[in-house]
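Order of the sequence lines sets the chain letters (A, B, ...), proteins ahead of strands, with each chain counted from 1. For the numbers below, each heavy atom of this structure counts, side chains included, while hydrogens, waters and symmetry mates do not.
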Number of protein chains: 2
Amino acid sequence: MTWQDRSDRIDHDGPVTVWQQVADDITADIESGELPPNSRLPSEVELAELYSIARGTVRRALLALVDAGTVTVVHGRGTFVAKR
Amino acid sequence: MTWQDRSDRIDHDGPVTVWQQVADDITADIESGELPPNSRLPSEVELAELYSIARGTVRRALLALVDAGTVTVVHGRGTFVAKR
DNA sequence: CCCGATTTGTGCGTATGTATC
DNA sequence: AGATACATACGCACAAATCGG
């Protein structure tokens, strides 16, 4: 899949936190099949740029996805869609 | 060109970010001709030592230079002055 | 062909300061 | 007061590409 700017998907004024919106956004792409199992996500820095948010916020979102079992993180390699 | 200690060129307390100062400093050397096209910059680790900053900050500065088209980075080889 | 050194790529964890809600 | 979020910056570890012996 092609990763373009996603800053327009984030509502900074609504009731939902930014990191939840990012987690939901990525989860949606995984469940729709656009992000197939074992495919790699952009790096934390790249995701921060794509969503125009801070890296710390990206990490919070990824933490939620890891807890949910939807992605797995490999030190030094990247973040991958879990095969389930 | 000779690469000596450059830690005195960085102001950690001013309004300009460290990575911006590094990017500007290297850009000046390129535009002055001291760093000719295709010449290789010190490694990220060496630059971090020369400026007495973190490698991550060096990478942030190099990212700006890449975006500006002044340098090109090659995985496993190094960072080179763009030929322009 | 393999091994080691070098270099960039990525992630982990943390800290500080600012601003907003 | 507290939580959220941004931006910056630090140090470290592991992975992958490249090149030389």
Side-chain angles (χ1 to χ4, degrees), chain A residues 1 3 5-26 35 38-82, chain B residues 1 3 5-26 35 38-82:
Chain A
M1 96 168 260
W3 288 88
D5 178 83
R6 292 190 165 199
S7 59
D8 55 352
R9 303 188 186 189
I10 304 301
D11 176 16
H12 290 264
D13 301 318
V16 183
T17 60
V18 174
W19 67 264
Q20 280 174 335
Q21 294 177 58
V22 173
D24 291 345
D25 192 50
I26 296 177
L35 287 175
N38 294 323
S39 65
R40 193 183 144 265
L41 271 59
S43 71
E44 294 179 352
V45 174
E46 284 175 337
L47 285 174
E49 290 172 353
L50 288 166
Y51 285 99
S52 294
I53 60 177
R55 181 191 160 212
T57 308
V58 170
R59 285 178 58 77
R60 289 198 66 165
L62 292 179
L63 178 63
L65 295 179
V66 170
D67 289 343
T70 51
V71 303
T72 57
V73 179
V74 184
H75 190 183
R77 297 223 304 134
T79 306
F80 301 85
V81 178
Chain B
M1 94 170 262
W3 288 89
D5 178 84
R6 293 189 164 197
S7 58
D8 55 351
R9 303 187 185 189
I10 304 301
D11 177 14
H12 291 263
D13 302 316
V16 183
T17 62
V18 175
W19 67 261
Q20 186 68 61
Q21 293 177 60
V22 173
D24 291 344
D25 193 50
I26 295 177
L35 287 175
N38 294 322
S39 65
R40 199 189 134 242
L41 271 60
S43 71
E44 294 176 354
V45 175
E46 284 174 337
L47 285 174
E49 291 172 353
L50 287 166
Y51 287 99
S52 294
I53 60 177
R55 184 188 163 209
T57 308
V58 171
R59 287 179 59 80
R60 183 65 184 82
L62 293 180
L63 178 63
L65 295 180
V66 170
D67 289 343
T70 52
V71 302
T72 57
V73 180
V74 183
H75 189 182
R77 301 222 310 132
T79 305
F80 303 84
V81 178

Just to be sure I understand the rule, does Val45(A) reach a base, reach only the sugar-phosphate, or reach nothing, if contact means heavy atoms closer than 4.0 Å?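 It contacts nothing in the nucleic acid.
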Considering all heavy atoms of both residues, which atom of Gly69(B) and which atom of Ala82(B) are nearest to each other, and what is their separation?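 Closest approach of Gly69(B) to Ala82(B), heavy atoms only: O-CB, 3.4 Å.
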Locate the shortest heavy-atom distance separating Leu35(B) from Met1(B); write the atom from each residue and the value.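 Looks like CD2-SD, 3.5 Å.
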What nucleotide among dT4(D), dG11(C), dT10(C) has an atom nearest to a side-chain atom of Arg59(B)?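 Within the option list, the nearest is dT10(C).
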Among dT7(C), dA9(D), dT8(C), which nucleotide sits nearest the side chain of Val73(B)?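 Given the options dT7(C), dA9(D), dT8(C), the side chain of Val73(B) is closest to dT8(C).
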Grab the [atom1]-[atom2] distance between [X] and [N] for me, whole Å please.
X: Arg40(B); N: dT6(C); atom1: CZ; atom2: P; result: 11 Å
X: Glu44(A); N: dC14(D); atom1: CD; atom2: P; result: 17 Å
X: Leu63(A); N: dT14(C); atom1: CG; atom2: P; result: 12 Å
X: Tyr51(B); N: dA9(D); atom1: OH; atom2: C1'; result: 17 Å
X: Arg60(A); N: dT14(C); atom1: CZ; atom2: P; result: 14 Å
X: Leu47(A); N: dT10(C); atom1: CG; atom2: C1'; result: 12 Å

Results of side-chain hydrogen bond (donor to acceptor under 3.5 Å, both in side chains) for Thr17(B) - residues two or more places apart only: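 Listed in chain order: Trp19(B).
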Can you list everything that forms a side-chain hydrogen bond (donor to acceptor under 3.5 Å, both in side chains) with Gln20(B)? Sequence neighbours excluded, please.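 side-chain hydrogen bond (donor to acceptor under 3.5 Å, both in side chains) check on Gln20(B) returns Asp24(B).
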List, with names and distances, any nitrogen or oxygen atoms from the protein found under 3.5 Å away from nitrogen or oxygen atoms belonging to nucleotides 19-21 of chain D.
none

Can you tell me how far CH2 of Trp3(B) sits from CG of Leu47(B), rounded to the nearest 0.5 angstrom?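 Between atom CG of Leu47(B) and atom CH2 of Trp3(B) there are 6.0 Å.
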Take Val22(A) and Val58(A), measure what side chain to side chain contact (heavy atoms under 4.5 Å, CB included) needs, and give me the verdict at the end. CA-CA 7 Å; Val22(A) 173; Val58(A) 170; 5.7 Å; no
Using five pairs at either end of the helix from dC2(C)-dG21(D) to dC21(C)-dG2(D), determine the angle between the two local helix axes and round it to 10 degrees.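 Taking the rotation axis at each end, their angle is 10°.
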Looking only at side-chain N and O atoms, does Thr79(A) come under 4.0 Å of OP1 or OP2 in dG11(C)?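 Checking Thr79(A) against dG11(C): at least one side-chain N or O falls below 4.0 Å of OP1 or OP2.
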Taking only the side-chain nitrogens and oxygens of Trp19(A), find out if one of them lies under 4.0 Å from OP1 or OP2 of dT4(D).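 No.
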Salt bridge (charged side-chain N to carboxylate O under 4.0 Å, His left out) contacts in which one or both residues fall within residues 47-63 of chain B, not counting sequence neighbours: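 Sorted pair list: Glu44(B)-Arg55(B), Glu44(B)-Arg59(B).
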Sequence neighbours excluded - side chain to side chain donor-acceptor pair (under 3.5 Å) pairs with any residue from residues 65-74 of chain B: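 Passing the test, one end in residues 65-74 of chain B: no pairs.
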Give me each pair satisfying side chain to side chain donor-acceptor pair (under 3.5 Å) with a member in residues 6-15 of chain B, each pair once, sequence neighbours excluded.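 Pairs touching residues 6-15 of chain B that pass the test: Asp5(B)-Ser7(B), Arg6(B)-Asp25(B), Arg6(B)-Asp29(B), Arg6(B)-Tyr51(B), Arg9(B)-Asp25(B).
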Would you be so kind as to tabulate the donor-acceptor pairs closer than 3.5 Å made by side chains of residues 74-81 of chain B, with sequence neighbours excluded?
none

Using a cut-off of under 3.5 Å, enumerate the N/O to N/O pairs linking the protein to nucleotides 17-20 of chain C.
none

Quick test: give all pairs of protein nitrogen or oxygen and nucleotides 10-12 of chain D nitrogen or oxygen below 3.5 Å, distance rounded to 0.1 Å.
{"unit_1": "dC10(D)", "atom_1": "OP2", "unit_2": "Ala54(B)", "atom_2": "N", "d": "3.0"}
{"unit_1": "dC10(D)", "atom_1": "OP2", "unit_2": "Thr57(B)", "atom_2": "OG1", "d": "2.4"}

